[in-house]
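Data block below; observations after.
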Amino acid sequence: MHELSIAMGIVRIAEAEARKAGAGTVRRVEIRVGMLAGVELDALHFAWPMATRETLAEGAELDVEIIEGRARCLECNQEYSIEHLFDTCPHCHSPFKHILQGKELSVKALEVG
Ligand SMILES: [Zn+2]
């Protein structure tokens, strides 16, 4: 499962940060996930307890902030929101665009103890 390796990557970052802070446990992890990042949130939440087992983040809460997808059309220069990478411009139907946001996947904040 793709999301399990993502969850494990998040746990590795959280553990590294907790060690840097001299903390023994991670209580909460806040992440940002773009709608275009290709992450199934249900699967990520499902994988979370497995990924955190026997780590500093065992039992930690996972908070997800969803970032909507936005693009700028390369033909008509309008900005629009997109749900899928292959969505076309709602103004001129061009498929050519520059993605402004929505592909991010990052750890935003940690609560350690
Ligand atoms: Zn357009």
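Order of listing sets the numbers, starting from 1, for every ligand and every atom in it.
- Not a single donor-acceptor pair under 3.5 Å links the side chain of E58 to the backbone N or O of L56.
- Protein-derived N/O/S atoms nearer than 2.8 Å to the Zn ion (ligand 1) total 4, waters excluded.
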Listed pairs under 3.5 Å, donor-acceptor, residues 40-49 side chains, sequence neighbours left out:
| residue | atom | partner | partner atom | Å |
| --- | --- | --- | --- | --- |
| W48 | NE1 | A60 | O | 2.8 |

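- In this structure, C73 and C92 have side chains that are in contact, with non-hydrogen atoms separated by less than 4.5 Å.
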Side-chain donor-acceptor contacts of residues 17-38 below 3.5 Å, not counting sequence neighbours, with atom names and distances?
| residue | atom | partner | partner atom | Å |
| --- | --- | --- | --- | --- |
| E17 | OE2 | K20 | NZ | 3.2 |
| T25 | OG1 | G113 | O | 3.4 |
| R28 | NE | E111 | OE1 | 3.2 |
| R28 | NH1 | D63 | OD2 | 2.6 |
| R28 | NH2 | E30 | OE1 | 2.9 |
| E30 | OE2 | K108 | NZ | 3.2 |

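- A donor-acceptor contact shorter than 3.5 Å is absent between the side chain of E15 and the backbone of T55.
- Under a 4.5 Å side-chain heavy-atom cut-off, the cluster of Ile, Leu, Val, Met, Phe, Trp and Tyr residues that includes I67 has no other member.
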